[in-house]
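Worksheet: the structure to be examined is printed underneath.
Lettering follows sequence order; numbering is per chain, from 1. Owing to the predicted nature of the structure, the values given are computational and were not obtained by experimental measurement.
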2 protein chains.
Amino acid sequence: MSPKPLSGAKSAPQKSAQQTEKSLDLRALQRTPGFMLRLAQLKFFEGFYEEFAALGLTPATYAIFAVIRDNPGVPPSSLAGLLRLRLPNLIKILNELESSGFIKRNRSKSDRRAVELMLTPKGAKLIAEGARLTEPYNRKMLAPLSEAEQRTLLELLNRMLPF
Amino acid sequence: MSPKPLSGAKSAPQKSAQQTEKSLDLRALQRTPGFMLRLAQLKFFEGFYEEFAALGLTPATYAIFAVIRDNPGVPPSSLAGLLRLRLPNLIKILNELESSGFIKRNRSKSDRRAVELMLTPKGAKLIAEGARLTEPYNRKMLAPLSEAEQRTLLELLNRMLPF
DNA sequence: TATTGTTATACTCTATAACTATA
DNA sequence: TATAGTTATAGAGTATAACAATA
């Protein structure tokens, strides 16, 4: 199947005047996976802020909470590597989450340099509430695709990445 | 560029609380399209900077050049809407591209507020050189997928978005 | 000496308000 | 008055360097 045609076809050779947004030739960018991925990611992030604003969750904090929930004791360095955040930038977020009472830092007994991250009950409650919004949010974002296509998209993204 | 495994890869077994990066449970995030899209986009952008650094192109300037090339006379407002950039941020980039001699601004005859953007020969040459790198770059980024899967991914992304 | 976490800081990207010149 | 473009500026997000504590 070929990429969906534009809302307006390429306007013939050239009018010397300006183009309106609807009649632009965007085919080159539509065939550019990096550009389309950026637009898709923007759509998801904008939708996320709308959907999760009431809980105060951002895409970054949602991911942080989810990883700590599923991996209690995970150290900041692993978390940073996984989420593709630089450690100093993650530390700033962790400081806020800890001072707000959502997470707790324990020093490892076996290596006192290491930190073990845990959710507090307050943090666990927050991510549980967030998780309840996740399915309808994803469904809304992926609405133009059938359920089979949604699964295919997710599978292809996973295969593209070194997980 | 991939998150490097922590060097603590000693054969010593881990304590119950400590998680190494390799043994983390990431299934929740792997099932989260927004997170996977972010990782995929990061991969494409990092690869882009490596591949196009010699030309001085960034993902943003590449897209700007491509749209002006295919739509000479396009106004900044349409370009911004299309690329999901705020107009003031686009203007800054356009100022640099113009003072470097890659693009030209013409005032519209019919509406003297409006600006028509064009590539200079220097700009046309640059995007032509960039376009030659595009196919091998995309192939490299999408290497884990078959060609049919690459087409499917692109089609699904296009269908997800309001083009 | 090397590693984990942390602080400080700079740079890029993005967002908002206000100004200009035309309409 | 409204619109296209522009400027100035503030805020996120992201990057590197250096330090403290521990190994």
[X] has an atom [atom1]; how far is it from atom [atom2] of [N], in whole Å?
X        : N      : atom1 : atom2 : result
A:Leu83  : D:dT14 : CG    : P     : 11 Å
A:Asn95  : C:dA8  : CG    : P     : 10 Å
A:Glu46  : D:dG13 : CD    : P     : 14 Å
B:Leu94  : D:dA4  : CG    : P     : 16 Å
A:Arg112 : D:dA20 : CZ    : P     : 19 Å

Heavy atoms from C-beta onward define the side chain here; which of [options] lies closest to that of [X]?
X       : options               : value
A:Lys92 : D:dG5, C:dT22, D:dT14 : D:dT14
B:Ile91 : D:dT22, D:dG5, C:dT6  : D:dG5
B:Leu85 : C:dT7, C:dT14, D:dT6  : C:dT14

Sugar-phosphate only, base, or nothing, as touched by [X] at under 4.0 Å among non-hydrogen atoms:
X        : answer
A:Pro88  : base
A:Arg105 : sugar-phosphate
B:Tyr49  : sugar-phosphate

| Are any of A:Ser77's side-chain N or O atoms less than 4.0 Å away from OP1 or OP2 of C:dT3? | no
| Is any side-chain N or O of A:Arg86 closer than 4.0 Å to OP1 or OP2 of D:dA15? | yes
| task | For residues A:Leu79 and A:Val74, report the shortest heavy-atom separation together with the two atoms involved. | result | N-CG2, 4.2 Å
| remark: Between A:Leu90 and A:Ala80 the two heavy atoms that sit nearest each other are CD2-N, 3.6 Å
| query | Under the 3.5 Å rule, do the base of C:dT3 and the side chain of A:Arg113 count as making a donor-acceptor pair? | reply |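 Under the 3.5 Å cut-off, the side chain and the base do form a donor-acceptor pair.
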| Between A:Arg38 and A:Asn89, who's closer to the 5' end of DNA chain C by nearest nucleotide? | A:Asn89
| Start at the 5' end of DNA chain C and walk down; is the nucleotide closest to B:Leu87 or to A:Leu87 reached first? | A:Leu87
| task | Determine whether B:Thr32 and A:Phe44 make a side-chain contact, defined as any pair of heavy atoms from C-beta on separated by less than 4.5 Å. | result | no
| said: Are B:Phe35 and A:Tyr62, when compared by the centres of their aromatic rings, separated by less than 6.0 Å? | reply: no
| query | Does a salt bridge link A:Arg105 with A:Glu98, judged by any charged N lying under 4.0 Å from a carboxylate O? | reply | yes
